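Comments concern the structure below.
For clarity, every value in this text was computed on a predicted model and none was experimentally measured. We're numbering straight along the sequence, starting at 1.
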Amino acid sequence: MNHRKKYQNGMQLLRELISEIAVGIHGAGMTSTELFDRLGYGSIKLEKGGEVTEYEADQIAKQIARIKPERIFAYSRGAAALNAALYDSDMPSPAPPITYLAPAMFRGWSRMRPKKVPPGSMVLHGAKDSIVSVREAAQIAIVVGATLHLSMAYSHKSIMYSKGDPGKFTQVDPYKIVNNEEFPRWGRGHAKPELLAQ
């Protein structure tokens with residue numbers, strides 16, 4: 001067996017071991033393998049973009065029921081996809097705690113209302129994120145009932161390299177952000193001058 005094959009087999013075994021503990025749901029334009037390589041958690045495959053479909057939500061719920069993870073990590077579009085799956089009849093009840101990373105839940109990926117999440121769930125967000133504003137992350141944390149943790153170090157993409165470790169973030173009160181008009185909003189666009197204000 002050549003070294004490349006051994007490496008691939010070893011990585012597959014590692015993925016299977018990690019998926020017993022946690023699973024990750026990727027964002028738009030990426031794959032489950034890419035999420036695993038950056039975040040350390042993967043295994044649930046989605047479409048690469050577009051509005052979240054009922055089929056996707058059902059497949060997520062079925063895979064979570066089969067894998068029985070202790071925690072779910074959902075990055076960017078994956079947050080909207082997971083939210084849709086929380087409404088699916090195949091989703092285990094109660095679901096495990098969820099860590100949303102740079103959640104793009106309000107960016108038109110899904111029409112489903114954000115659902116309350118299990119105790120121990122959190123939103124991790126970077127102040128350098130030019131896709132999802134800190135204000136939007138705070139609103140999501142409030143609506144779903146999760147704690148909000150921020151870091152000045154991460155952008156929308158680099159947050160995956162945090163490995164979802166809340167110790168690399170500072171917990172903040174999301175109400176202090178949404179009630180402070182100095183925090184910018186930019187909707188579904190990309191921040192330009194607003195990012196510096198954030």
Open item on the list: By the side-chain hydrogen bond (donor to acceptor under 3.5 Å, both in side chains) test, which pairs, at least two apart or in different chains, include something from residues 21-30?
Closed with: none
Task: Any pair counted as salt bridge (Lys or Arg N to Asp or Glu O under 4.0 Å), so long as it reaches residues 142-154, sequence neighbours left out - done: none
- [ ] Output every pair passing side-chain hydrogen bond (donor to acceptor under 3.5 Å, both in side chains) with a member in residues 168-178, not counting sequence neighbours, ordered by first then second residue.
- [x] none
Task: Residues forming a salt bridge (Lys or Arg N to Asp or Glu O under 4.0 Å) with R66, sequence neighbours excluded - done: none
Task: Inter- and intrachain pairs under ring pair (Phe, Tyr, Trp, His ring centres under 6.0 Å), touching residues 59-79, at least two apart - done: Y41-F73, Y75-H156
- [ ] List for me each residue that meets side-chain contact (heavy atoms from CB on, under 4.5 Å) alongside K116, sequence neighbours excluded, and say none if there are none.
- [x] none
Open item on the list: For D58, give me all partners under side-chain contact (heavy atoms from CB on, under 4.5 Å), at least two apart in sequence or on another chain.
Closed with: K62, D88, D90
Open item on the list: Please list all pairs meeting salt bridge (Lys or Arg N to Asp or Glu O under 4.0 Å) that have one or both residues in residues 144-153, counting only residues at least two apart or in different chains.
Closed with: none
Name each donor-acceptor pair under 3.5 Å that joins a side chain in residues 98-105 to protein atoms two or more places apart or in another chain, with its distance.
from, atom 1, to, atom 2, distance (Å)
T99, OG1, R71, NH1, 2.8

Task: Residues which pass side-chain hydrogen bond (donor to acceptor under 3.5 Å, both in side chains) with T53, listed by chain and number, not counting sequence neighbours - done: none
Task: Set of side-chain contact (heavy atoms from CB on, under 4.5 Å) partners for E54, sequence neighbours left out - done: none
Open item on the list: Can you pull out every salt bridge (Lys or Arg N to Asp or Glu O under 4.0 Å) where at least one residue sits in residues 95-105? Sequence neighbours excluded, please.
Closed with: none
